[in-house]
Trainee: 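One structure, pasted below without further comment.
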Amino acid sequence: MSEMERNLRDLLELAVGEPPRWVSLPAVRRRAARRRVAQAGLASLAGVLAASLGVSLATGAIRVGPPAASGARQHARPLRYDQAGPPRYYIGDDLASGSGQESFVVVRATATGRVTARIADPRPGALCGESLAAAGTSTFFMTCTIWRFAPSAKSHGHFPRRRGRITFLESFIYRFQVTSAGRVTGYSLVKGSVLKGMLADDLAAAPDGSLVATEVIKPGPSGHISTDSVPAGIYVINTRTGARAFWHAGPYRPGAIGFAGASAMSLTGNGGELVIWEARCPRSRYISDCPVNGHHSQVRAYGPAALGGSLEGGRVILP
C-alpha cells in the first residue's frame with residue numbers, strides 16, 4: 001500500500017468510520033465537522049493528485065488560517081481559487097468548547113483571525129451552513145434543512161432514539177457573498193434547490209458558480225436517517241435555470257459492492273465532470289455495511305455532470 005493510499009484510508013475512516021446511529025441535529029453538525037477535517041487533510045494530497053490526474057478532489061485548495069481563540073476549533077474553507085497567496089478572509093466552523101453541539105459558521109480575517117461576520121440562517125426554523133461550497137472569488141453556497149420529528153423516548157437496538165420518526169424533512173441551497181470588508185450579503189435561494197423529503201448532506205460548486213452538486217439522503221422505511229444510510233444519490237443543479245440532473249445510487253444488487261456515500265465531491269473545470277471520493281461497500285437497499293477498517297474507497301469521475309445517470313458507472317481515477 002502506497003503512502004497516498006494509506007492517507008486516503010485514514011482520511012476516509014475519519015470521515016465515515018463510526019458506530020451507526022440515528023441522525024440528529026448534533027450528529028449532522030459532527031458529521032459536517034468531520035468531513036471538513038477530512039477535506040482539510042486532503043490539501044496535502046490535492047497538489048499531487050491534480051498534477052498526476054488533472055483533477056481536484058475538493059472544491060479548490062483548502063487553506064487553513066490562523067488558529068482560533070482558545071476553546072474553539074476551526075475548519076477553513078477557501079475564499080477564492082485564482083490567487084497565489086492566502087485569501088483575505090475565510091469561512092469556517094467555530095465549535096463551542098466542551099459541548100461538541102453548538103456550531104457557528106463565521107467569516108474570519110486571515111491576517112488576524114478576527115471574526116468579521118457570522119453566517120445567518122436565511123430561512124426561519126432551518127439549520128444552515130452544515131455543508132458549504134465556494135465558487136469564484138467571493139461567492140459561497142450552503143445547505144439549509146428543516147426537520148420535524150414525532151416525539152419518542154424509546155430506544156431501538158443499539159440506536160439511541162431521542163426523537164421519533166421524521167415527520168417533515170426539506171432541504172434548500174442558498175447562495176451568499178463575502179464582501180471585500182469581510183461582511184456577508186446577498187442571501188438568495190438557488191433555483192431548483194428545494195429538496196422535499198431529503199437531507200442535503202454534502203455540497204460542491206463549479207468554480208464559476210453555474211452548477212452545484214449535493215448528495216441527498218431519504219429516510220428509510222423506519223422513518224429515520226442513520227449515519228450508515230445509503231444516499232439516494234447526487235443532484236447536479238444549474239443555478240441559472242434550476243434544471244436538475246440526478247446521479248442515483250444503485251441499482252442495488254444483493255452481495256455486490258456498491259456506492260455507499262461521498263466523502264468529498266468537486267465539479268471540475270466549470271462543471272464538465274462530477275468527481276467523487278467515495279466509499280464503496282456491501283449494502284442493503286437502505287443501509288451500508290462499511291467496516292471501520294478495511295472498507296473500500298475510490299475516486300471516480302462522472303460526466304457530463306449535468307446529464308445524470310448511475311453511480312455504479314463512472315471513470316475510475318484512483319482505485
Side-chain angles (χ1 to χ4, degrees), residues 35-36 38-40 42-65 75-92 105 107 110 119 129 131-143 173-180 184-193 200 202-215 234-245 247 262-277 299-308 314-315 317:
R35 179 185 297 115
R36 290 169 198 163
Q39 289 174 335
L42 278 172
S44 62
L45 297 175
V48 175
L49 290 169
S52 61
L53 304 173
V55 299
S56 166
L57 287 183
T59 311
I62 296 178
R63 303 183 178 97
V64 179
H75 311 298
R77 305 295 288 185
L79 185 66
R80 59 186 298 170
Y81 295 85
D82 55 354
Q83 59 186 28
R88 293 179 61 190
Y89 302 98
Y90 62 88
I91 290 179
V105 184
V107 180
T110 303
I119 308 303
S131 293
L132 298 162
T137 59
S138 59
T139 300
F140 289 83
F141 297 88
M142 68 178 177
T143 59
I173 301 172
Y174 274 84
R175 178 194 289 108
F176 62 94
Q177 305 289 322
V178 175
T179 70
S180 59
V184 177
T185 186
Y187 293 104
S188 61
L189 180 66
V190 173
K191 290 182 179 179
S193 73
D202 200 355
L203 193 62
D208 65 354
S210 61
L211 296 174
V212 292
T214 184
E215 182 181 66
I234 297 170
Y235 276 107
V236 176
I237 304 172
N238 185 310
T239 60
R240 299 188 180 102
T241 66
R244 300 195 302 203
W247 292 93
S263 296
M265 303 188 301
S266 70
L267 287 161
T268 64
N270 281 325
E273 285 188 309
L274 173 66
V275 178
I276 308 173
W277 176 37
V299 178
R300 291 194 182 199
Y302 301 87
L307 182 63
R315 174 169 53 90
I317 294 176

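None of these values were measured; they are calculated from a predicted model. Numbers for residues simply follow the sequence, beginning at 1.
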Trainee: Check whether any side-chain heavy atom of W247 sits under 4.5 Å from a side-chain heavy atom of I276, and report yes or no.
Mentor: no
Trainee: Does Y174 have any ring pair (Phe, Tyr, Trp, His ring centres under 6.0 Å) partners at least two apart in sequence or in another chain, and if so, which?
Mentor: none
Trainee: Given L132, which of L203, V105, T143, I119 fulfils the side-chain contact (heavy atoms from CB on, under 4.5 Å) condition?
Mentor: V105
Trainee: Output yes when a side-chain donor or acceptor of R244 lies under 3.5 Å from a complementary backbone atom of G192, and no otherwise.
Mentor: yes
Trainee: Please name the pair of heavy atoms, one in G271 and one in A305, separated by the smallest distance, quoted to 0.1 Å.
Mentor: O-CB, 3.1 Å
Trainee: Over 60° means perpendicular and under 30° means parallel, so tell me whether Y187 and F176 are parallel, tilted or perpendicular.
Mentor: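 If you compare the ring of Y187 with that of F176, the planes turn out tilted.
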Trainee: Which atom names give the shortest non-hydrogen contact between A205 and A135, and what distance separates them?
Mentor: CB-CB, 4.2 Å
Trainee: Could you tell me whether the side chain of T139 and the main chain of Q177 form a donor-acceptor pair under 3.5 Å?
Mentor: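 Checking the backbone N and O of Q177 against the side chain of T139, no donor-acceptor pair under 3.5 Å is found.
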Trainee: Rounded to the nearest 0.5 Å, how far apart are OG1 of T110 and CZ of R88?
Mentor: 9.5 Å
Trainee: If you compare all heavy atoms of G308 against all heavy atoms of A245, which two are closest, and at what distance to 0.1 Å?
Mentor: N-CB, 3.8 Å
Trainee: If you measure from CD on E273 to CG on L267, what distance do you get to the nearest 0.5 Å?
Mentor: 10.5 Å
Trainee: Got a second to check how far T214's OG1 is from D202's CG, nearest 0.5 Å?
Mentor: 7.0 Å
Trainee: Over all heavy atoms of both residues, which pair between F141 and G209 is shortest? Give the atoms and the distance, please.
Mentor: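 Residues F141 and G209, closest heavy atoms: CZ-O, 3.8 Å.
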Trainee: List the residues meeting side-chain contact (heavy atoms from CB on, under 4.5 Å) with S193, not counting sequence neighbours, and say none if there are none.
Mentor: I173, L189, V190, I237
Trainee: Could you tell me which non-hydrogen atom of R240 sits nearest to which non-hydrogen atom of D208, and how far apart they are?
Mentor: NH2-OD2, 4.3 Å
Trainee: Check whether any side-chain heavy atom of L211 sits under 4.5 Å from a side-chain heavy atom of N238, and report yes or no.
Mentor: yes
Trainee: Does any non-hydrogen side-chain atom of Y302 lie less than 4.5 Å from one of R300?
Mentor: yes
